[in-house]
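These notes concern the structure reproduced below.
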Amino acid sequence: MKELPKPNFAKATLDKAYEATKYEDDIYKLWEESGFFNPDKCIEKGVCKKDAKHFSIVLPPPNVTGTLHIGHAVMFAVEDLMVRYHRMRGDRTLWVPGTDHAAIATQEKVERILWDEEKKTRHDLGREVFLDKVNKFASDSHDGIVNQAKKMGTSMDWSREYYSLDEKRNLAVRKAFKKMYDEGLIYRGDRIVNWDPKMQSNVSDIEVVRKEEKAQFYYFQYGPFVIGTSRPETKFGDKYVVMHPDDKRYKKYKHGDTFECEWINGKISATIIKDEAVDPEFGTGVMTITPWHDATDFFMAERHDLDKEQVIDLDGNLMSAAGEFSGMHILDARPKIVEKLKEKGLLVKIDEDYMHAKATNSRGGGLIEPQIMKQWWVDVKKKFVMQNSKIEGIDNGKEYSLQELLQHVVRSEQIEILPERFKKQYFNWVDNLLDWCLSRQIWFGHQVPAWYKGDEVYVGVETPEGGGWAQDPDTLDTWFSAGMFSFTPLGGVDEETDDLKAYHPTSVLETGYDILTFWVVRMIMMTTYMRGEIPFETVYLHGLVRDDQGRKMSKSLDNIIDPLDVSKKFGTDAVRLSLIIGASPGNDSKLSEEKIGGFRNFANKLWNISRFMLMNIDEPKISVKKPEAKTLADRWILEELENIKYKVKNGFDIYNFSFAGEQLRDFTWNELADWYLEISKIEGDKSEILNYVLNTILKLWHPFMPFVTEAIWQEVYDEENLLMVEKWPETKDSTVYTNDSVNLSDIKNIITGIRSLKSDYKIDPVKKLKVVISAGNKKGMLEENVAVIKGLARLENLQIEETVEKPEGHVGFVEGGAEVFVDLTGIVDFEKEKKRLQDEINSLQKYTKGLEGKLSNKSFVDNAPEEVIVKEKEKLEESKTKLEKLEGQVSNLN
RNA sequence: GACCAUAUAGCUCAGUUGGUUAGAGCGCUACAUUGACAUUGUAGAGGUCAGUGGUUCAAAUCCACUUAUGGUCACCA
């Protein structure tokens, strides 16, 4: 690694404060140029073995619609965390980057820009010119995204980067489409779709969002019936009147009966239909239907084989069926139609407070107008013969539907979803799965690989031989290509590449829970079908990042936290930590600059801890050998280090990253810095231990805070090695219990107790006091630590006896069975002391009484496990002894 | 309407299979400023674990109901 450009680091000592911006770019360059983001290089250099267990993630590709937001930062932080951990553990680790063309979203964005800047539509430009523009936009977005991802410190293998609309992915799409078509899983048919007149495309059910809105609800006389509707403008073609078969009010009317009645544009002939889809409680329990422009009506018409007539065109204007209203936009026509019906005496009443859920396109917000159109669909219920299954419980030669595959792999726990409650949501969706409408009337995306000549249809991977074939102008739903992202970035549809063999199924799909139904379901569907494999073993769903008040971040609220801004301000490590600590899978988290600032402080703390340690290490070296402990504090910190190693590993293993980070921070700050380093100033001569501890915590912290840890590593250990590919510290496989020979808590408590008294009496912290300890069986242990207690509690003199009466003018407290007497001659406030001791005695008495009650309760003694009883007895003994001593002190106040 | 979450200190959250005198960070109060760090240190205040009832020797933890907040799905012309 010597040939690599070395960042311009200061030598020998660290700067006083960690300045992230000074290091981050150089560090990233160092990593990138080392080549270790690529597992091939790791194998070559022995970072991992070729046959090591693999750990692979395909990055959920950000949309090329612009710049990244804080949600992407979470994704980067969490995935990089896992990837760095596994890489250091020696797993064969691959993280594949990519970007998504995001068909509708991107086209819509470019169309808007085009309109804002040039007042032109895509039709003014034509398909080719427009697509050039979109591609240019996408390419610029892509570059920005890559740059941002690198700023976040992501250790992705850029040599394997993919784009959802590149040639390889396009080939995969064409092959998949053909395979599904050949097996009858893709069909072209006239079905009702969600048409967006604004965007001039249909969108899938999942892309439709409903918005509650107050609307007018009209009641009209329709022959002998009163019908209700919120959409009078659709009623021209209505010639069926429907009611529930069990509705007694309309018992005398029979299914199939016809009658003549006066309607908007004159007399019509209507037919009575009985169908259970009608809710007798709603309105009058009678409705007319418009199969061409309503999904419920459509399916009703299908059931009874009724005529369907188009009333509204694709621009939202009324057609010839509307007679005098034809050519008028539906929204303009509505009041006029109502007016006309009123004049004819057919308007019964208007309900002004009707709550209506209007359907809108989640992209662009256009009002959805259902239409019947010829579209391409995936049949999710159709059975096909499985031929390539490697899935447990799915047999080759047997028949399955896509829906059954989706159900099977999650139910059989071959795919784990975290947090588990999202399984319910998954099945809620999958069990009620409808056919998937694939085609979109937009230009940007994978063009449908179907060609037409007259009535002939050809579906294939390449343009058919022979002239006269015209390709379907529509493009495919972006999720069709996205559904194959576990494997298309590793190879293709039908070739077995080395990458596919080595890294598929991928280990984890890490993404936001909001995308579960859009993407996760489709990935499982496409992958199980195309490859006969699960796409990933675990789905880890992160929550959404909200502002400090819990609101979604949005431009209009002006509460957006831009990851790059805050990275610059506080350092990338701080941003990453703030997104990981305090966040749990599937739950939203709140973020504020204050929170990030807190973690910036921690990064600096780690830097300064290292700075101090470095000053006290004779010869910094990379070491994994546990050094010899000479004092109680040494034994204690080494034991705590073992504990924290286990806790962090365990946190990673159970996907509780927040817990791992929190524990590690507590150890680093509250134990190592606040106690051990302070003690080391007194005891001295700790070069070996400090070196070992520093080594270890830098490794443990690296996945969380890659930049500052690598910066320190490079400064301290220098030369050949990158922390990024150091070996993860070995840990035991269970909790390590602390025993007395490594327990520092008595020492800590005595020191804290003395400090507390000092603070209580408002004694100048610098003033040195005299202390006598009646130590009992703790005498030996305390004597060994006289210097530590004296130093940290700032004592002039410390006398330790096995038993000693409280000297005059002293104030006492009890800690760990020892009585500590602090010399406050001349300043003791006897009343205050009396109260302090009495308060403690009171609460202790209550506590003791509780314990006694518990232990004399027969059912407790009979039922509780032995170890619990033993523990309670010990507690009782302890508190009794303490009580005795406190009572002695109070009676001896002088 | 169906289903799923969440409710613990002023704020953000921990609390693993029921057994702690319920914890952390931020904020707050008081004190401390020349050798790792003021992006700091020391000490402290602050909680009837949403409510009610139940199970149990034992409930923040399990169960039922209630209330509040959020989410997913279904939506009715």
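Residue numbering restarts at 1 for every chain, and letters A, B, ... go by the order of the sequence lines.
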| message | Pairs counted only when both distances fall under 3.5 Å, Watson-Crick or G-U: show me the 5' to 3' dot-bracket for RNA chain B, [ ] for pseudoknotted crossings and | for other-strand partners. | response | (((((((..((((.....[...)))).(((((.......))))).....(((((..]....))))))))))))....
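With hydrogens and angles ignored, no donor-acceptor pair under 3.5 angstrom links the side chain of A:K605 to the base of B:rA38.
Annotation: side-chain contact (heavy atoms from CB on, under 4.5 Å) contacts of A:S756 (sequence neighbours excluded): none. Residues meeting the ring pair (Phe, Tyr, Trp, His ring centres under 6.0 Å) test with A:F599, sequence neighbours left out: none. A:D246 pairs by the side-chain contact (heavy atoms from CB on, under 4.5 Å) definition with A:H244, not counting sequence neighbours. Not a single side-chain contact (heavy atoms from CB on, under 4.5 Å) links A:K762 to another residue, sequence neighbours left out. A search for side-chain contact (heavy atoms from CB on, under 4.5 Å) contacts involving A:S856 returns nothing, not counting sequence neighbours. Applying the side-chain hydrogen bond (donor to acceptor under 3.5 Å, both in side chains) rule to A:R334 yields the partners A:E233; only residues at least two apart in sequence or on another chain are considered. Checked against side-chain hydrogen bond (donor to acceptor under 3.5 Å, both in side chains), A:Y222 has no partners two or more places apart in sequence or in another chain.
Looking at the side chain of A:T296, the nearest of the listed nucleotides B:rA24, B:rG41, B:rC76 is B:rC76. The side chain of A:W669 lies closest to B:rU40 when the candidates are B:rU40, B:rC37, B:rA24. Here the nucleotide nearest the side chain of A:N670, chosen from B:rA74, B:rG41, B:rG25, is B:rG25.
Of the residues in residues 859-876 of chain A, those lying under 4.0 Å from RNA chain B by heavy-atom distance are A:S859, A:F860, A:N863, A:A864, A:P865, A:V868, A:K875. For residues 747-765 of chain A, proximity to RNA chain B is found at A:T752, A:R755, A:S756, A:S759, A:P765, defined as any non-hydrogen atom under 4.0 angstrom from a strand atom.
No engagement by A:E840 is indicated, since no non-hydrogen atom pair under 4.0 Å with the nucleic acid exists. Note on A:V278: a base of the nucleic acid sits closer than 4.0 angstrom, heavy atoms only.
Side-chain contact annotation: A:T848 with A:Q845, donor-acceptor N/O pair under 3.5 Å absent. Using a 3.5 Å distance cut-off with no hydrogens or angles, the side chains of A:D548 and A:S592 do not pair a donor with an acceptor.
A salt bridge between A:E671 and A:K748 is present, with a side-chain N of the basic residue lying under 4.0 Å from a carboxylate O of the acidic one.
Annotation: cation-pi geometry not satisfied between A:K274 and A:Y250 (NZ/CZ under 6.0 angstrom from ring centroid, within 45° of ring axis).
Rounded to whole Å, atom P of B:rG25 lies 12 Å from atom CD1 of A:I581. Per the geometry, CD belonging to A:Q425 stands 11 Å off P belonging to B:rA74, to the nearest Å. When the P atom of B:rC73 is taken as reference, atom CG of A:L434 falls 13 Å away, rounded to whole Å.
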Enumerate, atom names and distances included, each donor-acceptor pair closer than 3.5 Å involving a side-chain atom of residues 866-875 of chain A, sequence neighbours excluded.
from: A:E872; atom 1: OE1; to: A:K854; atom 2: NZ; distance (Å): 3.4
from: A:E872; atom 1: OE2; to: A:K875; atom 2: NZ; distance (Å): 3.1

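Each of A:F704, A:Y646, A:F659 was compared with A:F652 under the ring-ring contact (aromatic ring centres under 6.0 Å, His included) criterion, and only A:F704 meets it.
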| In the 5'-to-3' direction, what one-character label does each nucleotide of nucleotides 2-17 of chain B receive under the scheme B = base within less than 4.0 Å of a protein heavy atom, S = sugar-phosphate only, - = no such atom? | --SS------SSS---
